[in-house]
Visitor: 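This is the structure I want to talk about, given as structure tokens.
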Amino acid sequence: MPFDPFSGDIDLDTAGAVLGEAIHGADDGELFFERRRGETLMFDDGRLRNASYDAAEGFGLRVVAGEAVGYAHSDELTGTALKRAADAAAAVKSGRDVAYADAPARTNRKLYVDDNPLDEPAFSVKIALLREIDAYLRDKDPRVVQATASLSGELQEIEILRADGHRVTDTRPLARINVSVIVEENGRRESGSAGGGGRHGYALLLDPSRWKHLADEAHRKALVNLAAEDGPGGAMQVALGPAWCGVMLHEAVGHGLEGDFNRKKTSAFAGLMGEMVAAPGVTVVDDGTLPDRRGSISVDDEGEASNCTTLIEDGRLVGYMQDRQNARLMGVSPTGNGRRQSYAHAPMPRMTNTYMLGGQHEPDEIVAAVEDGIYAVDFGGGQVDITNGKFVFSCTEAYRVKNGKVLHPIKGATLIGDGASAMKKIRMIGNDMALDDGIGMCGKQGQWLPVGVGQPTVLMDDIVVGGRGN
């Protein structure tokens, strides 16, 4: 049954009246309702290790007054809870009397189909698939000592109500599959993993061509790591592969281009609008309008339609990602990037699908241009300081390159630098721009959201690589 927050104790007229009283004299605000249902199934070491199902619903009421935000939430959809939340959130107004912000523009756009991962297929079919993945990996290579496969799916239903009666609804499916494998040879163990997903049901992930590709990729990466040697250290040329390597762009640059950090002047990019912040030819966008992608949203969590926002154009900073509050305070338009983890969280500027556009060079040409360095294909964990853009990223698949020749895989390589400087060291941009397979999660101030990343193959000069070899 579709989510209807006004079918129980809270009716629409009462909700509108309580909200109107709460935000009277404030700059902005809304009532955000949510119902979320999700499941996770994990098959590990030949048996079902975990099967969980979660469901939650509630509301959050926000009152925005200048730079201050009053926010109260409850998991009780009752008139009493709503009135209590309104009284708490309204305290932030402090007697102000200003014009209430215009409502978001209306849109009927839908970027994903109404597939509910929780409705299809049957539980037994999902377990059978995970068991088949486990058997497939073990049968293909006797060196496989452990295989893990998991499925997760959720359906998020939201409704946003504004004091003028403007209502926005969205139903967001999300599904994901992950495969990891550990191989052992001569007493040495290494691992590899792969995954994929998006805003759709399970059908695409259950297709044998899809999950076998992911299983093969996880196995391939494990074997690559099994043959890896210690990586080099020092400043050198680095070629970055397409797709998932865009996670470095997301972390080291993307967060620094969110509106709140720049309004508060805590970003390395604050005050640089219109200036060159990357090498010529570098164009970066945040695009929440891509159909079925993990980071896409038909509307954001304030009711604004998502957009494709150009952040860096031909090396020049031209835009930030904005929610409604920061856009108003900075005198610009919101970009549809106001996102929140759940009804228990206030929205803030967040990325959707952030990626670098392609260039003119062939990928092989870029790798061949590496005289002495590495070719990084996949990343694992990383750390970034938003205030200065300094980053440390660990490579989970990388290769030693000399005189344009790929020599052997390496292990233990880390990339060290800062986003603003690294963007200016890009010398070649490939024509193979690709988005990741749909596995990204992004954290900010304790809130976690699904996102997408991407880029083409690029060549960067003079990047510090941490390693132990030569």
Side-chain angles (χ1 to χ4, degrees), residues 1-36 57-66 68-93 95-111 114 156-172 297-307 322-328 333-340 342-348:
M1 179 181 298
F3 178 49
D4 182 3
F6 306 115
S7 62
D9 190 70
I10 300 177
D11 64 80
L12 180 59
D13 291 339
T14 299
V18 172
L19 175 62
E21 182 179 353
I23 58 89
H24 178 72
D27 294 298
D28 204 357
E30 75 284 314
L31 186 53
F32 179 90
F33 293 95
E34 176 192 30
R35 179 172 71 177
R36 187 192 298 264
E57 65 179 32
F59 70 84
L61 194 154
R62 183 177 65 146
V63 177
V64 181
V69 175
Y71 196 76
H73 63 87
S74 175
D75 59 2
E76 297 180 14
L77 295 182
T78 66
T80 301
L82 178 60
K83 184 63 171 67
R84 189 165 56 242
D87 290 342
V92 76
K93 293 185 299 184
R96 299 172 80 252
D97 189 9
V98 298
Y100 184 55
D102 292 337
R106 297 176 184 268
T107 177
N108 290 319
R109 182 179 59 187
K110 186 71 173 177
L111 297 176
D114 292 328
Q156 181 194 30
E157 300 164 276
I158 68 167
E159 177 153 348
I160 301 168
L161 175 66
R162 293 178 59 82
D164 59 4
H166 182 64
R167 297 170 65 183
V168 179
T169 63
D170 197 19
T171 300
R172 303 165 177 168
I297 44 176
S298 297
V299 293
D300 71 4
D301 294 324
E302 298 178 300
E304 294 282 350
S306 62
N307 283 290
Q322 301 284 8
D323 63 353
R324 290 173 60 86
Q325 180 188 25
N326 284 279
R328 185 183 67 260
S333 299
T335 59
N337 288 92
R339 304 185 67 190
R340 65 182 99 196
S342 75
Y343 70 86
H345 303 82
M348 66 179 81

Visitor: Using modelled atom types only, decide if a donor and an acceptor are shared between the side chain of R109 and the backbone of A305 within a distance under 3.5 Å.
Guide: no
Visitor: Is a side-chain N or O of D300 found less than 3.5 angstrom from the main chain of G338, in a donor-acceptor match?
Guide: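 The answer is yes, because a donor-acceptor pair under 3.5 Å joins these two groups.
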Visitor: Got a salt bridge between E302 and R328, using NZ or NE/NH1/NH2 to carboxylate O under 4.0 Å?
Guide: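 Salt bridge absent between E302 and R328.
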Visitor: How close do Q322 and T335 get, heavy atom to heavy atom, and via which atoms?
Guide: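 In terms of heavy atoms, the two residues are closest at N-OG1, 2.7 Å.
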Visitor: Measure across A327 and S333 and return the closest heavy-atom pair with its distance rounded to 0.1 Å.
Guide: CB-C, 3.7 Å
Visitor: For residues 2-18, which residue pairs pass the side-chain hydrogen bond (donor to acceptor under 3.5 Å, both in side chains) check, not counting sequence neighbours?
Guide: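 Output for this query lists D11-T14.
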Visitor: Just how far is it from atom CZ of R324 to atom CZ of R62, taken to the nearest 0.5 Å?
Guide: 8.0 Å
Visitor: What heavy-atom pair brings A72 and A85 nearest, and what distance separates the two atoms?
Guide: CB-O, 3.5 Å
Visitor: Which pairs, with at least one residue in residues 68-87 and sequence neighbours excluded, count as a salt bridge (Lys or Arg N to Asp or Glu O under 4.0 Å)?
Guide: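 Salt bridge (Lys or Arg N to Asp or Glu O under 4.0 Å) check on residues 68-87 returns K83-D87.
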Visitor: Measure from the side-chain N and O atoms of K93 to the backbone N and O of A65, and report whether any donor-acceptor pair falls under 3.5 Å.
Guide: no
Visitor: Heavy-atom distance under 4.5 Å between the side chains of V92 and V69, does that happen here?
Guide: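 No - every pair of side-chain heavy atoms lies 4.5 Å or more apart.
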Visitor: Would you please name every residue forming a ring pair (Phe, Tyr, Trp, His ring centres under 6.0 Å) with F6, sequence neighbours left out?
Guide: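 Partners of F6 by the ring pair (Phe, Tyr, Trp, His ring centres under 6.0 Å) criterion, ordered by chain and then number, come out as F33.
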Visitor: Mind checking side-chain hydrogen bond (donor to acceptor under 3.5 Å, both in side chains) for Y343 and listing every partner two or more places apart, or none if nothing turns up?
Guide: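 For Y343 there are no side-chain hydrogen bond (donor to acceptor under 3.5 Å, both in side chains) partners, ignoring immediate neighbours.
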Visitor: Between V18 and L31, is a side chain to side chain contact (heavy atoms under 4.5 Å, CB included) present by the stated rule, with each step listed?
Guide: CA-CA 10 Å; V18 172; L31 186 53; over 6 Å; no
Visitor: Using every non-hydrogen atom in the two residues, find where I23 and V63 come nearest and quote the distance to one decimal.
Guide: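 Heavy atoms only, the tightest pair is CG2-CG2, 3.8 Å.
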Visitor: Can you check whether L111 reaches S306 side chain to side chain, under 4.5 Å on heavy atoms?
Guide: yes
Visitor: For H345, which residues count as a side-chain hydrogen bond (donor to acceptor under 3.5 Å, both in side chains) partner, sequence neighbours excluded?
Guide: S342
Visitor: Does the pair D170/K110 count as a salt bridge with the N-to-O cut at 4.0 Å?
Guide: yes
Visitor: Enumerate donor-acceptor pairs with a distance under 3.5 Å from any side-chain N or O in residues 156-168 to protein atoms, sequence neighbours excluded.
Guide:
unit_1, atom_1, unit_2, atom_2, d
Q156, OE1, R172, NH1, 3.1
Q156, NE2, E34, OE2, 2.9
E157, OE1, R35, NE, 2.8
E157, OE1, R35, NH2, 2.9
E157, OE1, R37, NH2, 3.0
E157, OE2, F3, N, 3.1
E157, OE2, R35, NH2, 3.2
E159, OE2, R167, NE, 2.6
E159, OE2, R167, NH2, 2.7
R162, NH1, D28, OD1, 2.9
R162, NH1, G29, O, 3.4
R162, NH2, D28, OD1, 3.2
R162, NH2, Y100, OH, 3.4
R162, NH2, A101, O, 2.9
D164, OD1, H166, N, 3.0
H166, ND1, R106, NH1, 3.2
H166, ND1, R106, NH2, 3.2
H166, NE2, P104, O, 3.4

Visitor: For the atom pair CG (N337) and CG (D323), what is the distance rounded to the nearest 0.5 Å?
Guide: 8.5 Å
Visitor: Which pair of heavy atoms, one from G336 and one from E304, lies closest together, and at what distance?
Guide: CA-CB, 3.9 Å
